[in-house]
Amino acid sequence: MIGIGESPPRPDGFAKVAGAARYVDDLSLPGMLHGATVRSPHPHARILAIHWHPDRAPAGAICVTAADLPGPNGVQLLDDSWPILAADTVRHVGEPVALVAAATPIAARQALAAVEVVYEPLPAVLGIERGEQALDDPLYEIAMDSGDLQAGLAAANRVIEGEWRTGYQEHIYLECQGMIAWVEPDGGITALGSMQCPYYVHKALVHAFDLTPEQARVRAAAVGGGFGGKEDYPSLLAIHAALLARVADKPVKMIYDRHEDIVGTTKRHPSIVRHRAGVDRDGRLTALDIEILFDGGAYTTLSPVVLSRALLHSFGPYRCENVRIRGRVLRTNTAPNSAFRGFGAPQVEFAMERQMDRIGRALGLDPLEIRLRNVVEPGDRLPTGQTLDESTSARLCLEEAASRTRFRERWRELEEAREKNPDGPRRGIGLSLYFHGAGFTGNGERRMKSPVTMRLLEDGRIQALTAMTDMGQGCGAVFQQIVASASGVGVEDLDFAEPDTGTVPDSGPTVASRTTMIVGGLLARASAELRDRVLAWRKGNKVENGWIHGPDGPVERFRDAARAYVAEVGPTEITLHHEPPEDQVFDESTYRGAAYPAYAWGADVVEVEVDPDTLAVRPLRATAVCEVGRAIHPTLCKGQIEGGTLQAIGWALMEEVKLKEGRYLNDRLATYIIPTVRDTPRIDVHLLERPWEGGPFGAKGVGELPMDGGAPAVAQAIDNALGVEVTEIPATPERLMKWSLG
């Protein structure tokens with residue numbers, strides 16, 4: 001029997017480390033062809049003609065263009081404005097224009113040369129700076145007002161402005177994008193591949209091919225990482241593979257190599273965030289005026305939801321009654337940007353933390369003090385009007401992180417050392433405070449009403465059916481613990497169905513820090529109800545360690561009783577739907593109300609060393625103090641925080657995407673640099689467990705939270721080391737040199 005708060009081995013762990021897990025590229029079907037994509041070399045151009053020369057291609061090769069689409073030319077996400085294949089115009093470098101398939105991967109690449117596309121280049125918008133055309137053509141815009149901004153500014157002793165920038169970030173999941181599709185005898189389509197959200201892919205296939213829901217089936221293979229990059233993009237790839245399969249009447253596999261994955265898929269939105277903050281004499285916020293600009297790339301994808309989450313985190317975990325926020329996602333002739341761990345919050349929380357640092361400097365307050373004077377407490381109201389509950393832990397995280405690292409003393413020591421010896425060793429320490437809403441934004445969970453199903457199998461095991469995918473985060477292990485603890489049975493008495501839209505309900509996507517909190521909560525309730533049915537039938541008192549107990553102790557194995565129950569009563573299952581609390585009401589037109597049922601909280605301290613000659617920054621140590629409710633599986637929970645913190649540090653220091661005329665210049669792992677083991681600091685993770693009554697056994701979400709704190713802590717540490725304010729990340733040596741020289 002495994003319990004909550006223990007860290008048993010994950011059920012998929014051995015297969016993955018032994019190489020036995022079968023990812024999509026390990027799979028093969030009889031007669032299968034291999035697909036490849038013809039991509040635009042231009043950021044913006046008119047397509048004048050597409051010529052397919054079969055005599056130049058390997059024997060049996062096929063080609064598909066937009067003219068061959070059986071239905072609308074759009075990937076159904078929030079809308080269908082993202083083209084499946086460019087028809088008349090290309091709007092970014094790498095946009096799919098045509099598809100080919102052949103008997104082998106090499107033959108498919110050879111077939112690409114048999115496609116001739118004639119283009120007429122058009123003017124392109126390649127940035128989101130003021131004055132550029134992008135500002136006049138937003139993909140999406142939102143606004144929120146709280147209190148009286150002008151009154152807040154008038155009451156301020158000082159008004160301090162700031163402009164903060166963040167760059168792209170590439171997902172670099174271990175396994176690149178991949179999909180296999182085939183046509184069923186009845187004309188339906190089945191897709192099998194690497195994805196986070198099987199029902200997103202299902203919806204896209206139904207729309208693109210004019211299918212009934214029953215005619216589309218989507219199955220998730222083992223998933224080698226996602227970070228949001230496999231939320232929406234697999235829908236496009238599944239349609240591409242299915243188009244080729246439909247023409248060839250054979251299964252088609254499409255697997256990207258790393259170069260194509262970087263060139264063709266979505267990334268984190270670059271941002272410009274402008275702040276105007278009013279503060280009183282004591283450094284307390286009286287007003288916040290925030291402008292958020294995101295580069296959305298050529299198409300909408302999920303940008304409206306990313307911007308929505310950004311707006312709801314842009315004020316940080318701080319009190320301020322008078323707030324005005326304006327946000328826009330701008331259209332540029334670059335590849336679309338979309339979901340990435342944190343979903344807009346890392347960009348705006350970087351800006352808010354940097355703004356707090358600037359305010360502290362201006363008022364002579366250290367980074368800890370300026371935060372302590374403004375941090376939210378239980379009972380405070382966010383600018384949305386939501387009142388924070390007793391699980392609000394921002395101050396606890398802040399004080400614990402500062403105490404564990406002697407932050408204030410260390411920060412002052414390094415400030416004084418730099419001032420006394422400006423040519424000496426360069427070390428710095430930085431602090432950040434952050435929060436993250438768990439679950440879908442606003443009314444998302446209420447609209448989805450996510451169902452999960454639990455059923456008794458004939459052999460007496462309890463089977464759980466959800467659409468959740470384990471992409472490495474460990475939900476397979478966590479779900480085992482939740483169901484075993486809620487029902488009292490052993491893990492050997494449990495079965496978890498594979499994510500397959502033909503058999504599992506649409507329990508929502510595996511995103512938004514919702515898997516454990518929302519779906520895990522439903523699993524706990526449903527398994528307990530199923531157990532109670534068997535208990536009532538057997539007139540038992542409880543189930544413990546897999547045994548039904550009567551007045552005098554254990555009397556029968558639950559599995560034996562369940563087997564007998566199914567034999568007599570018949571197949572039994574329970575489906576429950578998630579219903580948010582009635583008091584969680586949110587107005588999506590005004591952005592007022594309770595945007596999330598709960599928030600997770602964190603504080604980071606990062607210490608760095610800066611080479612005085614090259615200005616290369618080496619992180620030495622990071623401390624992350626996080627409050628995520630109850631940790632179901634502490635080892636996996638800490639692993640999520642470690643990984644997210646390192647991902648944030650990489651974004652802050654080295655993960656720079658360079659573009660020239662809309663083309664990625666560093667489109668391989670040889671040139672897009674991510675942290676290796678040698679670049680990784682020691683990361684100490686400390687969990688402050690404060691169980692939240694709305695989550696299973698007190699759990700909140702954790703997946704996205706650690707992405708929010710690492711970058712601003714690194715930036716502040718560089719400030720401390722060099723006396724140079726970091727206004728943009730990644731803080732490369734070239735940028736630091738430019739800022740140092742003024």
Side-chain angles (χ1 to χ4, degrees), residues 142 144 146 228 302 304-319 323 325 327 339 341-349 352 375-394 397 433-450 508-522 578-602 626-630 640 644 690-696 698-709:
I142 51 177
M144 187 188 79
S146 178
L302 295 173
V305 195
V306 174
L307 182 63
S308 172
R309 181 160 284 220
L311 183 147
L312 292 166
H313 290 83
S314 61
F315 38 78
Y318 302 109
R319 287 187 305 274
V323 177
I325 307 171
R341 187 181 202 168
F343 218 71
Q347 295 96 312
V348 295
E349 293 201 57
M352 187 66 216
V375 63
V376 291
E377 309 270 10
D380 283 340
R381 292 169 68 87
L382 296 177
T384 59
Q386 180 173 0
T387 301
L388 294 171
D389 64 19
E390 291 302 313
S391 73
T392 300
S393 307
C397 291
L433 180 65
Y434 51 97
F435 73 141
H436 205 94
F440 259 82
T441 301
N443 297 315
E445 297 290 353
R446 181 168 279 109
R447 282 194 294 269
M448 286 194 301
K449 297 183 181 297
S450 304
T510 313
V511 300
S513 304
R514 66 182 296 275
T515 302
T516 296
M517 188 181 79
I518 302 295
V519 180
L522 287 170
H578 176 69
E579 292 288 349
E582 291 185 3
D583 59 353
Q584 189 200 333
V585 178
F586 188 72
D587 187 330
E588 294 179 347
S589 62
T590 63
Y591 274 69
R592 302 288 297 172
Y596 302 99
Y599 294 86
W601 309 86
C626 295
E627 190 278 299
V628 294
R630 182 81 184 277
Q640 284 286 292
R690 303 187 72 204
W692 174 64
E693 63 180 11
K700 301 177 184 176
V702 65
E704 296 171 284
L705 175 74
M707 191 71 224
D708 298 336

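Keep in mind that the numbers below use all heavy atoms, side chains included, and drop hydrogens, waters and symmetry copies. Since the structure is predicted, the reported quantities are computational estimates derived from the model, not experimental observations. Sequence positions, counted from 1, serve as the residue numbers for this chain.
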Q: For the pair Tyr591 and Phe586, evaluate side chain to side chain contact (heavy atoms under 4.5 Å, CB included) and give the outcome as yes or no after the intermediate values.
A: CA-CA 7 Å; Tyr591 274 69; Phe586 188 72; 3.7 Å; yes

**Q.** Pair Phe343-Ser308, side chain to side chain contact (heavy atoms under 4.5 Å, CB included): steps then yes or no
**A.** CA-CA 9 Å; Phe343 218 71; Ser308 172; over 6 Å; no

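Met448 is listed as a side-chain neighbour of Arg514, based on a closest heavy-atom distance under 4.5 Å. For the pair Leu705 and Cys626, the minimum side-chain heavy-atom distance is below 4.5 Å. At a threshold of 4.5 Å between non-hydrogen side-chain atoms, the residues Pro706 and Arg341 count as touching. Taking the side chain as every heavy atom from C-beta outward, Arg381 and Ser146 never approach each other to under 4.5 Å. For the pair His578/Met517, no side-chain contact is recorded, criterion being any heavy-atom separation below 4.5 Å from C-beta on. For the pair Thr392 and Asp389, the minimum side-chain heavy-atom distance is below 4.5 Å. The shortest distance between side-chain heavy atoms of Glu377 and Arg319 falls below 4.5 Å. Between Phe315 and Val376 the shortest side-chain heavy-atom distance does not fall below 4.5 Å.
In this structure, Arg447 CZ and Glu445 CD are separated by 10.0 Å, a value rounded to the nearest 0.5 Å. A distance of 9.5 Å separates OG1 in Thr384 from CG in Leu311, rounded to the nearest 0.5 Å. How far SG of Cys397 is from CH2 of Trp601: 9.0 Å, rounded to the nearest 0.5 Å. Rounding to the nearest 0.5 Å places OG1 of Thr590 at 12.0 Å from CD1 of Ile142. Atom-to-atom distance recorded for Arg630:CZ and Arg690:CZ is 14.5 Å, nearest 0.5 angstrom.
Aromatic ring centroids of Phe440 and Tyr596 lie 6.0 Å or more apart.
Between Ala438 and Pro597, the shortest heavy-atom contact is O-CD, 3.4 Å. Among all heavy-atom pairs drawn from His436 and Ser513, the shortest one is CD2-OG, 4.4 Å. Across all their heavy atoms, Pro346 and Met707 have their closest contact at CG-CG, 3.7 Å. When all heavy atoms are compared, the tightest approach of Ala594 to Gln386 is CA-OE1, 3.3 Å. Pro378 and Glu390 get closest at one heavy-atom pair: CB-OE2, 3.8 Å. Nearest heavy atoms, Leu433 versus Gly602: CD1-O, 3.4 Å.
Between the side chain of Glu627 and the backbone N or O of Gly629 there is at least one donor-acceptor pair closer than 3.5 Å. In this structure, the side chain of Ser589 does not engage the main chain of Asp587 through any donor-acceptor pair within 3.5 Å. Under the 3.5 Å distance criterion, the side-chain polar atoms of Arg446 are matched with a main-chain donor or acceptor of Pro581. With hydrogens and angles disregarded, no donor-acceptor distance shorter than 3.5 Å links the side chain of His313 to the backbone of Gln347.
Ring-plane geometry between Phe435 and Tyr599 is classed as parallel, the angle between the planes falling under 30 degrees on a 0 to 90 degree scale with a further cut at 60.
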